[in-house]
*Asks:* 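I'd like to ask some things about the structure below.
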Amino acid sequence: MGKLSVRGVAKRDVAYDGVEMRFAFHGSAGTTGEALRTVTEQSEAFLEKLTAMGVKMEEIHCGELGTGHRMTGETVRMQATREITVRMKLELAFVNRVLDLIREQEAQADVSCDYFLTDPKALHDELLKEAWEDARRQALFITQATGQRLVGVDSVQCAQNREFPALFCEQNARFAKSGGSLLDELSAPLTTEEESIDVVWLIE
């Protein structure tokens with residue numbers, strides 16, 4: 001009885017189905033209180049419009065709140081920043097409408113988007129099954145070609161799942177265009193996900 005080592009691999013291109021949008025509102029004034037008031041007013045106005053569009057409050061999360069100052073010559077300007085994060089199902093047309101809110105509000109805000117898979121575990125479970133079948137097909141091909149046969153499995157080792165890197169997309173809200181454009185018709189960005197499995201087969 002001998003052994004045969006085979007690595008099975010499964011790979012699939014899939015579209016991201018979730019998006020995390022981060023909005024950092026900025027305020028500048030003579031005092032910290034005034035700067036905080038500015039970012040609070042901008043944030044409240046944005047949240048009112050966002051929820052009116054149907055975004056649920058459980059999809060909206062509080063981010064960092066910070067203050068500081070900036071020197072311009074001998075003048076001190078107090079700075080404040082408040083972040084809001086929205087994590088939701090990815091619909092590009094809707095994302096563009098959300099970006100329009102910033103443009104229409106003329107808010108001083110930085111915007112960034114991360115795209116992600118909402119259920120990566122289910123996808124990678126499927127890929128592992130496909131990788132197993134790939135290893136089995138290879139083993140059968142080799143044993144049949146050499147006049148041998150599979151009689152069992154000696155060991156199985158799966159590659160550790162990697163963290164799934166999100167596609168990072170930085171967007172400046174001040175240059176966002178209104179909805180209804182070809183941008184709304186784009187397909188979701190793609191990611192290539194992969195799993196592998198090492199199988200040692202018993203053969204004779």
*Asks:* Does atom CD (E126) have a neighbourhood of more than 12 heavy atoms from anything else shown, all under 6.0 Å?
*Replies:*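 Atom CD in E126 is crowded, with more than 12 foreign heavy atoms closer than 6.0 Å.
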*Asks:* Taking all non-hydrogen atoms of both residues, which atom of V39 and which atom of G27 are closest, and how far apart?
*Replies:* CG1-N, 3.2 Å
*Asks:* I'd like to know if the side chain of E59 reaches the main chain of K56, judged simply by a donor and an acceptor atom lying under 3.5 Å from each other, with no hydrogens or angles considered.
*Replies:* yes
*Asks:* Could you verify whether a donor N or O on one side chain and an acceptor N or O on the other, from E193 and T191, lie under 3.5 Å apart?
*Replies:* yes
*Asks:* Report yes or no: do I60 and M88 belong to one cluster of Ile/Leu/Val/Met/Phe/Trp/Tyr joined by side chain heavy-atom distances under 4.5 Å?
*Replies:* yes
*Asks:* Examine V9 and L128 and state if one hydrophobic cluster contains both, with Ile, Leu, Val, Met, Phe, Trp and Tyr joined whenever side-chain heavy atoms are less than 4.5 Å apart.
*Replies:*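 The answer is no; the residues belong to distinct hydrophobic clusters.
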*Asks:* Does any non-hydrogen side-chain atom of H26 lie less than 4.5 Å from one of Q79?
*Replies:* no
*Asks:* For residues A29 and R77, report the shortest heavy-atom separation together with the two atoms involved.
*Replies:*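 Minimum heavy-atom separation between A29 and R77: CA-NH2, 3.4 Å.
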*Asks:* Heavy atoms, side chains only, cut-off 4.5 Å: are V151 and I203 in contact?
*Replies:*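 Of all side-chain heavy-atom pairs linking I203 with V151, none is under 4.5 Å.
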*Asks:* Measure the spacing between CH2 of W201 and CG of L4 and express it to the nearest 0.5 Å.
*Replies:* 9.0 Å
*Asks:* Near R7 CZ, under 6.0 Å, is it more than 12 heavy atoms from other residues, nucleotides or ligands?
*Replies:* no
*Asks:* If hydrophobic clusters are built by linking Ile, Leu, Val, Met, Phe, Trp and Tyr wherever their side-chain heavy atoms come under 4.5 Å apart, do L123 and W132 end up in the same one?
*Replies:*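 No, no single cluster joins them.
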*Asks:* For E64, I'd like to know if atom CD has over 12 heavy atoms of other residues, nucleotides or ligands within 6.0 Å.
*Replies:* no
*Asks:* Could you check if a side-chain atom of R82 sits within less than 4.5 angstrom of a side-chain atom of T40, using non-hydrogen atoms only?
*Replies:* yes
*Asks:* Is there a side-chain contact between T85 and M21, using heavy atoms and a 4.5 Å cut-off?
*Replies:* no
*Asks:* Nearest 0.5 angstrom please: R136 CZ to I197 CD1, how far?
*Replies:* 13.0 Å
*Asks:* How far apart are the closest heavy atoms of E83 and A24, and which atoms are they?
*Replies:*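 Of all heavy-atom pairs spanning E83 and A24, the closest is CG-CB, 3.9 Å.
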*Asks:* Measuring only between side-chain heavy atoms, which start at C-beta, is V55 closer than 4.5 Å to V86?
*Replies:*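 Heavy-atom side-chain distance check passes, below 4.5 Å.
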*Asks:* Indicate yes or no: at least one non-hydrogen side-chain atom of Y115 is less than 4.5 angstrom from one of L90.
*Replies:*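 Touching, per the 4.5 Å side-chain cut-off.
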*Asks:* Give, for atom CG of D13 and atom CD of E194, the distance between the pair rounded to the nearest 0.5 Å.
*Replies:* 10.5 Å
*Asks:* Out of curiosity, H69 NE2 to S28 OG, how far, rounded to the nearest 0.5 Å?
*Replies:* 12.0 Å
*Asks:* Check this for me, if you would: do D100 and R97 make a salt bridge, where the nitrogen-to-carboxylate-oxygen distance has to be below 4.0 angstrom?
*Replies:*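 Between R97 and D100 there is no salt bridge, as every charged N stays at least 4.0 Å from the carboxylate O atoms.
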*Asks:* Before you tell me yes or no, could you show the steps for F46 and V98 under side chain to side chain contact (heavy atoms under 4.5 Å, CB included), namely the whole-Å CA-CA distance, both residues' side-chain angles and the distance that decides it to 0.1 Å?
*Replies:* CA-CA 9 Å; F46 176 69; V98 173; 4.2 Å; yes
*Asks:* If I compare all heavy atoms of A135 with all of V6, which pair ends up nearest, and what's the gap?
*Replies:*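 Minimum heavy-atom contact is O-CG1, 3.7 Å.
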*Asks:* Please report the interatomic distance CD(Q105) to OG(S43), rounded to the nearest 0.5 Å.
*Replies:*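 It is 8.5 Å, given to the nearest 0.5 Å.
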*Asks:* Give the C-alpha distance, both sets of side-chain angles, the deciding distance and a yes or no for side chain to side chain donor-acceptor pair (under 3.5 Å) between S112 and R22.
*Replies:* CA-CA 5 Å; S112 63; R22 290 184 296 278; 3.3 Å; yes
*Asks:* One thing to verify: whether D125 and K121 come together as a salt bridge, which I'm taking to mean a side-chain N less than 4.0 angstrom from a carboxylate O.
*Replies:* yes
*Asks:* Please step through salt bridge (charged side-chain N to carboxylate O under 4.0 Å, His left out) for the pair E130 and K11, ending with a clear verdict.
*Replies:* CA-CA 9 Å; E130 293 175 13; K11 184 184 297 187; over 6 Å; no
*Asks:* Could you tell me whether the side chain of D154 and the main chain of L202 form a donor-acceptor pair under 3.5 Å?
*Replies:*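 Absent.
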*Asks:* Hydrophobic clusters here meaning ILVMFWY residues chained together by side-chain heavy-atom distances under 4.5 Å, can you tell me if I142 and V199 are in one?
*Replies:* yes
*Asks:* For the CG atom of N96 and the CZ atom of R103, what is their distance to the nearest 0.5 Å?
*Replies:*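 Answer rounded to 0.5 Å: 11.0 Å.
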*Asks:* Does any non-hydrogen side-chain atom of Q148 lie less than 4.5 Å from one of E204?
*Replies:* no
*Asks:* Does a side-chain heavy-atom distance below 4.5 Å link K89 with D17?
*Replies:* no
*Asks:* Is atom NE2 of H61 surrounded by more than 12 heavy atoms (other residues, nucleotides or ligands) closer than 6.0 Å?
*Replies:* yes
*Asks:* Y16 and F116: aromatic ring centres closer than 6.0 Å?
*Replies:* no
*Asks:* Any chain of hydrophobic side-chain contacts (each under 4.5 Å) joining L140 to V200?
*Replies:* no
*Asks:* Identify the residue among I84, T81, T38 that makes a side-chain contact (heavy atoms from CB on, under 4.5 Å) with F25.
*Replies:* I84
